[in-house]
Amino acid sequence: MTQLPLALLTLVGTSHALTLTVQETRTVAPGVVYSRQRASSPGTTVHVLQVDLCADDVYVDARKASSSSSSTGSWASSVDATVATNGDFYKTGPLRVYGDAVGNGVAWPLDQTGLDPAYASEWYPEHYGFIAFRHDDVVWSHSCWVKDHVDGLTTGWRNDDLTPDLPPGTIALVSGFPEVVVEGEAMVCDSPTASDCFPDRSDMRDRHPRTAMGLSEDGETFWLVVADGRTSSDAGLYGSELADVMGQLGAWTAFNLDGGGSSQMWSEDEGSSGGYVNEYSGNNSGGGARSMANHWGVFAGGRDWLPERPGHCASAAPCQSIPPEGGIVDDASTCFRAFGDQDYWRSEAAGHDGHLWWTNAFQSDVPDNWAWWRLELEDAGRYELFVSADATFSVHDDVRYEVRAGGATSVVTVDPSGIDGWVRLGEFELDAGGDQWIALFDDEDASPGSDQHIVADAVQLVRLDLPEGGEDSGGGEETGVADSGEGDGGADGGSDGGEGGDGAGDGGAGDGGAGDGGAGDGGGRGERIGEGGGCAAAPGAGAVWVGILVGGLGGWRRRRLQRAQR
C-alpha cells in the first residue's frame, strides 16, 4: 500500500470546530489538575484531567487482567487511586479489550486482548494504538491506520509493526483507536458525519459521550478527557470534535477510548455521586455506573508503597546511580518498588540495613505480588549479581527472578531457604544507563505449600572487569547457588481483523482468564508489516480517507520533532 507523507496531510480549516470555555479548575493533588469546560456548538460538558508526569509522587497505572468487569469508581477505590477514567473498548466471553493491555506491571493474557488469533474474524484486531508508562519514561504506538497510511512519522514505538511487542519494562498500558491527534495535528474532518471521516471506526461519525487519552510532545504531560452526552444538557461529541478538543489542549498524540455508557471520570476529592465528576449515569442512558474491562488510574500526593519521586518523567535524575565498581540497591532506595496488593507485603526489621519485605509464593499463572529493583549504571561492564536473604523469612526454596541486562532478559531460579546473607544470581553484561533491572515474582506452576515466604530486600552488583586502577567494591559473600536460563516476558500470537463496527462502548460483564507476563519484553505479540500487509478495514475506506487528508485546502502544519524516537 502506498503511504502518504505526513507533510502532505491537510487540515480542513484553520479555525476550531468548537469553542471551549473553562467553568471550574481545581488541583486534585500536586501535579494533577481537573477542569470542567463547556464546549459550544454543541453544548457539551468536557471534563479534563491534566497530569504533570514530572511532579513528585505522580504515578500512572492501569487495571490488571480480571475475569470480571468493574466500574471506574469501584476499581479506583480498591487500589487507592487519586483520579481514574475508563479505558479501552471491550467484549465479553471472555472479558477482553480490543487492543493490548498491561496493569500493575503485568501483561494481560493473549485471550483477553485483541491479539488472540481466535478473534481474527472480528472487525477490530490490529486497529489499536497505545500509551505505555515505564520507569522514567512514557512511549506510545501509533494506530494501525496511521502506521499503514502515513509516511514520515518521527515518533512512536516501532512504526514498522502493526501489533508491536510491548515496550520492555511497561508498567501500565491502555490501547485505543482511532488516533485523533497525530504528531501534533488534530484529525479534524470537513464533514464529521461523512463516510470518509475516520474510516477505521464508523461510530466516530455520530455524537456520543467520549473518553480520550493524550500526551504532550515532550512526554511530560498526560491528559485524560471525558465528554458527557445523551442528556438534555449534553449533546456529546463527534470524533472530529473530540480531535479538536485534544488538539486545543496541546496533545502531540491522542487516542479515542471507550465511550458512550462507558465514559466515566472519578476523583477521590469528589464528595458527591460516589466520586464521579461527570454524568456517568446519563451517559449510560440512566443505567448507572457501567462495569468495564480496564481503566486508567493516576496516583498522586504520596502513597506509602510508591517511591518519593516522579514515576514516569524522562528528564528526572536517576533513582540511584551505581558507580563503576558496583554497589547495593536496597529496598529503601527509590529504585525499588513492590507491586501488587500491599496488604500481602509484610514489613520486618531484619535483613540488609535492618529492613525487608516478604510475601508468600502461591500457585498461579500470573504474579500477584512482585518486586523490582531498577539498575542505573554509570559504566558498562561484566557484573556478578546477588540478592539478600534472611534465614528467618527466606523460606521458599524455588524463588524466580528475572534479570534484564544489556537488552536481554534471563530467568534465574535460586534456593535462598535458611540463608543469612547474599545469594548469587550469576554474571551478566550490563549497559551504562537504565532500562535494566532485577525482578522477583510470587507465582508458581505447582502448589508451593503453605507459608512459603519469599523475601524482597536488597540486590548487590560486583564488577568483575573493573579497569586497572579502579576501585573494588569488595564483592558479596556467595551463600547460595543459582540455576539460570533464558526467557522473556510475553506471549506469542497475532491476529487479523474483519469488517464491521459497533456502537460507542456498549458491553457487559463476562468471564475470562488471568493475566501473565511482567516487566519483561512482552515478546512475540504481532506480525511485521510486509507485502500485502495492512489494517483490517472496509474495502476502499483507507483510500477515501487519504483523499480527504491530501485534498483541497493546503498542508497540515508541520512540526519536526527533534527528540530521537524512544
Side-chain angles (χ1 to χ4, degrees), residues 26-34 49-64 66 70 72-85 87 102-106 131-138 169-174 220-222 224 265-271 275 277 294-313 316-320 329-348 355-359 367-374 437 439-440 442 456-457 518-519:
R26 69 175 186 267
T27 298
V28 179
V32 180
V33 176
Y34 164 81
L49 289 173
Q50 181 170 310
V51 182
D52 180 358
L53 298 177
C54 290
D56 284 344
D57 298 319
V58 170
Y59 288 80
V60 179
D61 208 341
R63 191 184 187 212
K64 65 181 182 180
S66 175
S70 174
T72 300
S74 176
W75 174 77
S77 298
S78 71
V79 296
D80 196 23
T82 305
V83 292
T85 67
V102 178
N104 207 225
V106 181
I131 294 178
F133 287 85
R134 307 191 295 180
H135 174 89
D136 287 353
D137 197 11
V138 56
T170 296
I171 296 170
L173 181 152
V174 171
E220 295 186 353
T221 304
F222 180 49
L224 290 168
M265 181 178 289
W266 182 94
S267 175
E268 68 175 359
D269 73 343
E270 179 62 36
V277 301
N294 72 343
H295 313 272
W296 276 122
V298 179
F299 301 77
R303 296 293 190 270
D304 290 343
W305 69 92
L306 294 172
E308 295 179 356
R309 64 188 302 273
H312 316 287
C313 179
C319 52
Q320 176 184 335
V329 182
D330 188 52
D331 64 301
S333 169
T334 55
C335 281
F336 173 83
R337 182 172 171 186
F339 290 81
D341 191 333
Q342 298 301 306
D343 289 340
Y344 296 103
W345 279 113
R346 282 79 163 190
S347 175
E348 302 289 346
H355 185 271
L356 61 79
W357 298 95
W358 66 267
T359 190
D368 183 10
N369 283 26
W370 65 283
W372 202 20
W373 295 262
R374 295 288 305 184
W437 58 78
L440 163 72
D442 67 355
D457 185 4

[X] versus [Y], closest heavy-atom pair with distance:
X	Y	value
Leu173	Ala132	CD1-CB, 3.7 Å
Ala62	Val102	CB-O, 3.5 Å
Trp345	Ala338	NE1-CB, 3.6 Å
Ser267	Val277	CB-CG1, 3.9 Å

Which atom pairs, one a donor and one an acceptor, fall under 3.5 Å between side chains of residues 300-308 and the rest of the protein, sequence neighbours left out?
| unit_1 | atom_1 | unit_2 | atom_2 | d |
| --- | --- | --- | --- | --- |
| Arg303 | NE | Asp80 | O | 2.9 |
| Arg303 | NE | Asp80 | OD2 | 3.2 |
| Arg303 | NH1 | Ala300 | O | 2.9 |
| Arg303 | NH2 | Asp80 | O | 3.1 |
| Arg303 | NH2 | Thr82 | OG1 | 2.9 |
| Arg303 | NH2 | Glu268 | OE1 | 3.4 |

With sequence neighbours left out, what residues match [X] under salt bridge (charged side-chain N to carboxylate O under 4.0 Å, His left out)?
X	answer
Asp341	none
Asp368	Lys64
Glu220	none
Arg346	none

Run the ring-centre check on Phe133 versus Phe222 and record whether the distance is less than 6.0 Å.
yes
Keeping Asn294 on the side-chain end and Arg63 on the backbone end, is there a donor-acceptor pair under 3.5 Å?
no
With no hydrogens and no angle check, is any side-chain donor or acceptor of Asp61 less than 3.5 Å from a backbone partner on Gly297?
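The answer is no, because no donor-acceptor pair under 3.5 Å joins these two groups.
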Using 30° and 60° as the class boundaries, would you call the ring planes of Phe299 and Trp75 parallel, tilted or perpendicular?
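Rings of Phe299 and Trp75: perpendicular, over 60°.
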Would you say [X] and [Y] make side-chain contact, with heavy atoms under 4.5 Å?
X	Y	answer
Asp442	Pro367	yes
His295	Thr85	no
Val60	Trp296	yes

So Leu224 and Val83, side chain to side chain contact (heavy atoms under 4.5 Å, CB included) or not? Walk me through it.
CA-CA 10 Å; Leu224 290 168; Val83 292; 5.7 Å; no
I need the Leu356 CG to Glu348 CD distance, nearest 0.5 Å.
6.5 Å
State the NE2-SG distance between His135 and Cys335, to the nearest 0.5 angstrom.
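So the NE2 of His135 and the SG of Cys335 are separated by 5.5 Å.
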Residue pairs fulfilling side chain to side chain donor-acceptor pair (under 3.5 Å) with at least one residue in residues 329-340, sequence neighbours excluded:
Gln320-Ser333, Asp331-His355, Asp331-Trp357
Considering residues at least two apart in sequence or located in another chain, which fulfil the side chain to side chain contact (heavy atoms under 4.5 Å, CB included) criterion with Ala76?
Ala81, Ala84, Trp266
Any residue meeting side chain to side chain contact (heavy atoms under 4.5 Å, CB included) with Ser74, in chain and number order, not counting sequence neighbours
Ser70, Ser71
Using side-chain hydrogen bond (donor to acceptor under 3.5 Å, both in side chains) as the criterion, list what pairs up with Asn369, not counting sequence neighbours.
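Residues passing side-chain hydrogen bond (donor to acceptor under 3.5 Å, both in side chains) with Asn369: none at all.
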Partners meeting side-chain hydrogen bond (donor to acceptor under 3.5 Å, both in side chains) with Thr359 (sequence neighbours left out):
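Not a single residue meets the side-chain hydrogen bond (donor to acceptor under 3.5 Å, both in side chains) criterion with Thr359.
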Look at Asp269 together with Arg26 and state whether they make a salt bridge at an N to O cut-off of under 4.0 Å.
yes
Run the numbers on Arg309 and Asp136 for side chain to side chain contact (heavy atoms under 4.5 Å, CB included), then give the verdict.
CA-CA 10 Å; Arg309 64 188 302 273; Asp136 287 353; 2.8 Å; yes
Report the C-alpha separation of Leu440 and Trp373 in whole Å, then their side-chain angles, then the decisive distance to 0.1 Å, and conclude whether the side chain to side chain contact (heavy atoms under 4.5 Å, CB included) test is met.
CA-CA 9 Å; Leu440 163 72; Trp373 295 262; 3.9 Å; yes
Mind checking what makes ring pair (Phe, Tyr, Trp, His ring centres under 6.0 Å) contact with Phe339, not counting sequence neighbours?
Trp370, Trp372
Could you pull out every donor-acceptor pair under 3.5 Å between side chains of residues 49-56 and any protein atom, sequence neighbours left out?
| unit_1 | atom_1 | unit_2 | atom_2 | d |
| --- | --- | --- | --- | --- |
| Gln50 | OE1 | Trp223 | NE1 | 3.2 |
| Asp52 | OD1 | Cys54 | N | 2.9 |

